[in-house]
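Input: a single structure, listed below in structure tokens.
Chain letters run A, B, ... following the sequence lines, proteins first, then strands; residues in each count from 1.
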Number of protein chains: 2
Amino acid sequence: MKPSVITIEPNGHFCSDCAVRASAVCSSLDPAELREFEHLGRRVHFSSGETVFSEEDITTSFYNVLEGVMRLYKLLPDGRRQIVGFALPGDFLGMNLSGRHNFSADAIGAVTVCQFAKAPFGRFIEDRPQLLRRINELAIRELGQARDHMVLLGRRSADEKLAAFLLGWRERLLALKAPSDTVPLPMSRQDIADYLGLTIETVSRTFTKLERHGAIEIIHGGISLLDPARVEALAAA
Amino acid sequence: MKPSVITIEPNGHFCSDCAVRASAVCSSLDPAELREFEHLGRRVHFSSGETVFSEEDITTSFYNVLEGVMRLYKLLPDGRRQIVGFALPGDFLGMNLSGRHNFSADAIGAVTVCQFAKAPFGRFIEDRPQLLRRINELAIRELGQARDHMVLLGRRSADEKLAAFLLGWRERLLALKAPSDTVPLPMSRQDIADYLGLTIETVSRTFTKLERHGAIEIIHGGISLLDPARVEALAAA
DNA sequence: CGTAAAATTGATATTTCTCAATGAGAGTGG
DNA sequence: CCACTCTCATTGAGAAATATCAATTTTACG
């Protein structure tokens, strides 16, 4: 939310040894293309709570998340907030039709992104259909996630919402880190509430309830999944 | 839900005078391409209530809606249903990454689709990046709609949900028909409830409430927007 | 017409929210 | 190093919104 103090790394970064090389949009590029692509992106750091872009801002850049977690959200005029997703390394942000962002994005903890100016990136895509195809794949994947989330928001109880969230979040982290029954939760309870369409109090009570039932243990900065099967049963599919 | 009795139109249909020519995926094709494309699609009719495809079915075709309205939905194992969207003429259905549909689609009233077998359609796209770009545009548009809908499901009251639905639905029809304060609602109250994350009783009561307040009039097969400004105020953004 | 399905309405139950108080952890300055 | 303060999280009590259950009423259809 503070004005963002941007650090632009001068040089010394190569796509070829980028952490998200294999999973991000750039996975569609061959080594030669990658060297050209390298000149388009700049690594930019954001610290905890900084806003990377805001809803309704004119889109000047696209972003590839390299490190950290971001919250993506929309606000109603009266301040109610709905988090529409959390972005993790490999996620590509900024695509839209209107020329304006249709949600806001903040860093949760320290974040590094690879930032591309819109125009040169657009030109680069122009004659690289396989990059376009990759972007399309990511969009379709997100659309699937969005639909799953609609089911959660519209048809699940508070218990089911939290259980499904914990499992889904663990699942996403699995693609990035070694599997573990310890699930780090870098976002606040309020973030979780705004993601699940609940209040912070309900989220807190539901955590406590899951813990009392022996399904999880609340630890510092996350939870420990004591009884994954039980949490899965609670998530009801 | 009944097994679908499919009628395949033999011939006599040309993309060039298709109703959705200007808005659908095919708007990206030039006349020469269009003649080739013509051989890929078949017009197929579905009658009210028929299922066009089901979640988890292996994707064998893509669909371009030509006429009518479809409900797109996901079911939880215990039968709870969330409608993730209504498809209208010009909408393109069936894209996914897994090779299986990730939602089900039923006809609401009579529906005509242009059906494309997956493999030949895939091959046709292969060397037509502008078609891919068009598909990507449609995906991004849907993603935006999905995010808006998450806000509705997670953060709006029943009154706001219904008001926002009526305005949004009117808006979508506006692109297809002449603007009118009479808003046809071909879907059932249950469909509306499952779209808004409410029960049918709450939807019914909220309609009645809007009518008592003079904001709308409930008419056969739809509503009349008596006081659009008031409904907009209720929708709260 | 008569029957079935859909929609409405009412009474009550339940879930989740709201408001309020308390507790715990992180960082700061004495 | 310790009080202080700030933010975040938890807990409790009561209120409100929406769901559930049940009964009509209306509409659709054979």
* To do: Starting from C1' on dA17(D), measure out to CG on Leu162(B) and report it in whole angstrom.
  => 16 Å

* Could I get the full list of ring-ring contact (aromatic ring centres under 6.0 Å, His included) partners for Phe207(A), not counting sequence neighbours? => none

* To do: Applying salt bridge (charged side-chain N to carboxylate O under 4.0 Å, His left out), run through Asp91(A) and Arg172(A) and close with a yes or a no.
  => CA-CA 11 Å; Asp91(A) 286 340; Arg172(A) 285 189 71 193; 2.9 Å; yes

* Structure fact -> Sorted by number, residues from residues 195-209 of chain B placing a heavy atom under 4.0 Å from DNA chain C are Glu201(B), Ser204(B), Arg205(B), Thr208(B)

* Could you state the CD1-C1' distance from Ile192(A) to dC8(D), rounded to the nearest angstrom? -> 12 Å

* Quick one: closest heavy-atom pair of Pro77(A) and Ala236(B), and the distance? => CD-O, 4.0 Å

Could I get a table of every N or O pair under 3.5 Å where one atom is in the protein and the other is in nucleotides 28-30 of chain D?
| residue | atom | partner | partner atom | Å |
| --- | --- | --- | --- | --- |
| dA28(D) | OP1 | His220(B) | ND1 | 3.4 |
| dA28(D) | OP1 | His220(B) | NE2 | 3.2 |

* Structure fact -> Hits for side chain to side chain donor-acceptor pair (under 3.5 Å) against Thr112(A), two or more places apart or cross-chain, chain-then-number order -> His45(A)

* **Rounded distance (Å) that lies between atom P of dA24(C) and atom CD1 of Ile218(A)** => 14 Å

* Measure from CD on Glu211(A) to C1' on dT11(D) and round the result to the nearest Å. => 14 Å

* Structure fact -> When rounded to whole Å, the CZ to C1' distance for the pair Arg80(B) and dT18(D) reads 15 Å

* **Gap between atoms CG and P, on Asp78(B) and dT20(D) respectively (whole Å)** => 11 Å

* **side chain to side chain donor-acceptor pair (under 3.5 Å) partners of Lys118(B), counting only residues at least two apart** => none

* Structure fact -> Rounded to whole Å, CE of Met187(B) lies from C1' of dA6(C) at a distance of 15 Å

* Can you list, by residue number, the residues of residues 147-159 of chain B that have a non-hydrogen atom closer than 4.0 angstrom to DNA chain C? -> none

* **Whole angstrom value for the distance that separates P of dA9(D) from CD1 of Ile223(A)** => 15 Å

